[in-house]
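Structure record follows, encoded as C-alpha cells.
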Amino acid sequence: MSSASPAAATRPAWMGLPLLVALHILIIIASNYLVQLPFELAGVHTTWGAFTFPLVFVITDLTVRLVGPTAARQVVARVMLPALLASYVVSVLFFEGRFNGWAALGEFNTFVFRIALASFIAYAVGQLADIAVFARLRRLPAWWVAPAASTIIGSLIDTFVFFSVAFWRSSDAFMAEHWVGIAWVDYATKLAFSLVALLPLYGAALKALLRQLPAPLPVRAA
C-alpha cells in the first residue's frame, strides 16, 4: 500500500521537493551575486538582490498553500547547507561584483564567510517564520492576507538577522556603523516590491496551479 500523503497525491507531478530545493538555491545564488550590484532608485540606494531574493517567499508560500507547511519545512532543511556553500563560493568568486578568478577559492576568506553564514541563518529563520505565519492564516477567505502577512514578518526577520550577523562590529567600519539604517532601506525596498509586484504574481501563480490539481487539497494543521 502506498504511504504517500493525500496532498502529495493531488499535487502536480513536477511539484516535488527536488525542484523546489533547486529553485530556492538558484534564487539564493543569484541574489548573492546581485546584492553586490548597487544602484539608485528614486533617490534610494539599493541593490538588484533586493528584487530577486523575495521570490523565495513566493515559492515558500505557494508550497505551504498547495502541499502544506511540513513539505515547506523539508525544503528549507534541504536548502540550508547547500545555500551556505553556494553563498560562500559565489561571494568569493564575485567579491564586490567582479570575477576574481578560481584561485580566490584557494584562500579562506573570513569576511565573506561571515556574510555567507549570515545569509544561511537569515534564510533559515526568515523562511521558518514565513511558513509559521502563512500556515496560521491560509484558511482566511481573502487569499492575499496570508502571503502579505507572512512576507511582512518573514522578510523583516530575514533582513535584520542577516545585517546584524554580517555587520555588527564588522571589520568593515562603514557597515558596522550604518548597518541598521541600510537594513531598514533594504527591508522597505524588498517589502514594497513584494507587495506591489510579487503579491499579484503569487495570486496568478496560485490560480494557475490550482487548475492543474485533480481534486481539492485537504486542509492540514501546521
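- Partners of V90 according to the side-chain contact (heavy atoms from CB on, under 4.5 Å) rule, which considers only residues two or more places apart in sequence or in another chain, are I29, N32, Y33, F94.
- Looking at residues two or more places apart in sequence or on another chain, you find no side-chain hydrogen bond (donor to acceptor under 3.5 Å, both in side chains) involving S194.
- In the hydrophobic clustering of this structure, F162 groups with L85; members are Ile, Leu, Val, Met, Phe, Trp, Tyr whose side-chain heavy atoms approach within less than 4.5 Å, directly or through other members.
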Validation: residues 166-184 side-chain donor-acceptor distances under 3.5 Å, sequence neighbours left out:
from	atom 1	to	atom 2	distance (Å)
S170	OG	D172	N	3.0
D172	OD1	F174	N	3.2
D172	OD1	M175	N	3.1

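- In this structure, L93 CG and L105 CG are separated by 4.5 Å, a value rounded to the nearest 0.5 Å.
- In this structure, the side chains of F57 and D158 come closer than 4.5 Å at one or more pairs of heavy atoms.
- You'll find the side chain of R78 stays beyond 4.5 Å of the side chain of L20, heavy atoms only.
- In this view, L206 and L62, R65, L66, Y202, L210 satisfy the side-chain contact (heavy atoms from CB on, under 4.5 Å) rule, not counting sequence neighbours.
- Looking only at distances, a side-chain donor or acceptor of T52 sits under 3.5 Å from a matching main-chain atom of G49.
- For the residue pair L199 and L195, the shortest heavy atom distance occurs at CB-O, 3.5 Å.
- The side-chain hydrogen bond (donor to acceptor under 3.5 Å, both in side chains) search around D186 returns K190, not counting sequence neighbours.
- Counting heavy atoms from C-beta on, the side chains of S155 and Y187 come closer than 4.5 Å.
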Which donor-acceptor pairs under 3.5 Å do side chains of residues 143-153 form with protein atoms, sequence neighbours excluded?
from	atom 1	to	atom 2	distance (Å)
S150	OG	D61	OD1	3.4
S150	OG	D61	OD2	3.2
S150	OG	D130	OD2	3.2
S150	OG	A146	O	2.9
S150	OG	P147	O	3.2
T151	OG1	P147	O	2.7

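- Judged purely by atom type and a 3.5 angstrom limit, R73 has no side-chain atom pairing as donor or acceptor with the backbone of L128.
- Taking every heavy atom of both residues into account, P200 and A197 meet most closely at CD-O, 3.3 Å.
- Qualifying side-chain hydrogen bond (donor to acceptor under 3.5 Å, both in side chains) partners for Y88, counting only residues two or more places apart in sequence or in other chains: none.
- Rounded to the nearest 0.5 Å, atoms CH2 (W48) and CG (L34) are 9.0 Å apart.
- Annotation: side chain of I59 is in contact with side chain of I27 (closest heavy-atom distance under 4.5 Å).
- Atoms CZ and CD1, from R138 and I131 in turn, are 11.0 Å apart once rounded to the nearest 0.5 Å.
- The structure places CZ of F53 at 5.5 Å from CD1 of I28, a figure rounded to the nearest 0.5 Å.
- With sequence neighbours excluded, no residue forms a ring-ring contact (aromatic ring centres under 6.0 Å, His included) with F111.
- For the atom pair I157 CD1 and I121 CD1, the distance stands at 14.0 Å (nearest 0.5 Å).
- Under the 4.5 Å side-chain heavy-atom criterion for grouping Ile, Leu, Val, Met, Phe, Trp and Tyr, V196 is not connected to L55 through any hydrophobic cluster.
- Remark: A124 engages M80 in a side-chain contact (heavy atoms from CB on, under 4.5 Å) (not counting sequence neighbours).
- Residue pairs that meet the side-chain hydrogen bond (donor to acceptor under 3.5 Å, both in side chains) test with at least one member in residues 97-120, sequence neighbours left out, are E96-R98.
- For F193, the ring-ring contact (aromatic ring centres under 6.0 Å, His included) criterion is met by F51, not counting sequence neighbours.
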